[in-house]
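Have a look at the structure below before the remarks.
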Amino acid sequence: MTFPLFSQVQLTQDIPEFNLKKGSIGVIVEYYSMSEGEDGYSLEGLIAQDTVEVSGSQIQLINVEQIQ
């Protein structure tokens, strides 16, 4: 599944190198199509002044009802 740009997503697992926990919320700002393996995404809003690169299996779409 390809996630749309500027979608709000949450992490489905911890990312220890950035001290990010499962459930952290970010916004997709870039998509990287991969010929082999999983597609990649850059997320904003998880750490200050930078983006975090993740694979498609590390994120899921969320909606407003899930974060209330």
Side-chain angles (χ1 to χ4, degrees):
M1 169 186 191
T2 301
F3 298 104
L5 288 178
F6 309 112
S7 296
Q8 203 169 42
V9 295
Q10 67 183 18
L11 297 178
T12 59
Q13 62 189 58
D14 294 345
I15 302 179
E17 61 264 31
F18 294 108
N19 198 30
L20 295 171
K21 302 293 182 194
K22 178 180 175 178
S24 297
I25 296 172
V27 175
I28 297 172
V29 294
E30 198 159 350
Y31 166 71
Y32 308 99
S33 178
M34 307 297 271
S35 59
E36 293 182 25
E38 290 189 73
D39 291 338
Y41 298 89
S42 288
L43 305 180
E44 281 189 352
L46 294 170
I47 58 176
Q49 305 296 321
D50 209 353
T51 59
V52 175
E53 282 71 40
V54 298
S55 64
S57 66
Q58 292 179 294
I59 57 175
Q60 66 183 15
L61 287 174
I62 61 170
N63 58 41
V64 175
E65 292 80 29
Q66 287 178 293
I67 57 174
Q68 292 182 0

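Hydrogens, waters and symmetry mates are skipped; everything else that's a heavy atom, side chains included, is used.
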[X] to [Y] - nearest heavy-atom pair and separation:
X     : Y     : result
Leu61 : Pro4  : CD2-CD, 4.5 Å
Met34 : Gly40 : CG-N, 4.2 Å
Ser57 : Glu38 : N-OE1, 2.7 Å
Ser24 : Leu46 : CB-CD2, 3.7 Å

Task: ILVMFWY cluster, Val54 and Leu5 together (side-chain gap under 4.5 Å) - done: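 Shared cluster, yes.
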
TODO: Using the rule that two of Ile, Leu, Val, Met, Phe, Trp, Tyr join whenever any of their side-chain heavy atoms come within less than 4.5 Å, decide whether Tyr32 and Phe18 are in one cluster.
DONE: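 No, Tyr32 does not connect to Phe18 through the hydrophobic network.
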
Open item on the list: Within this structure, what is the NZ-CD1 distance for the pair Lys21 and Ile15, rounded to the nearest 0.5 Å?
Closed with: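 Here the interatomic distance stands at 11.5 Å.
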
Task: Aromatic plane relationship, Tyr41 with Tyr31 - under 30° parallel, 30 to 60° tilted, over 60° perpendicular - done: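 The arrangement is tilted - the two ring planes meet at 30° to 60°.
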
Open item on the list: Leu11 vs Ile59, test: side chain to side chain contact (heavy atoms under 4.5 Å, CB included). Steps then yes/no.
Closed with: CA-CA 5 Å; Leu11 297 178; Ile59 57 175; 4.1 Å; yes

TODO: Please check if any side-chain donor atom of Gln58 sits under 3.5 Å from a side-chain acceptor atom of Thr12, or the reverse.
DONE: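 There is no such pair between these side chains.
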
Open item on the list: Under a plain distance cut-off of 3.5 Å, with no hydrogens placed, do Thr51 and Glu53 share a side-chain donor-acceptor pair?
Closed with: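 A pair is found: one side chain offers a donor N or O, the other an acceptor, under 3.5 Å apart.
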
Task: Donor-acceptor contact present, side-chain Glu44 to main-chain Val29, <3.5 Å - done: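 A pair under 3.5 Å: no.
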
Open item on the list: Within the structure provided, determine whether Ile25 and Val9 are in side-chain contact (heavy-atom separation under 4.5 Å).
Closed with: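 No, too far: nothing below the 4.5 Å cut-off.
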
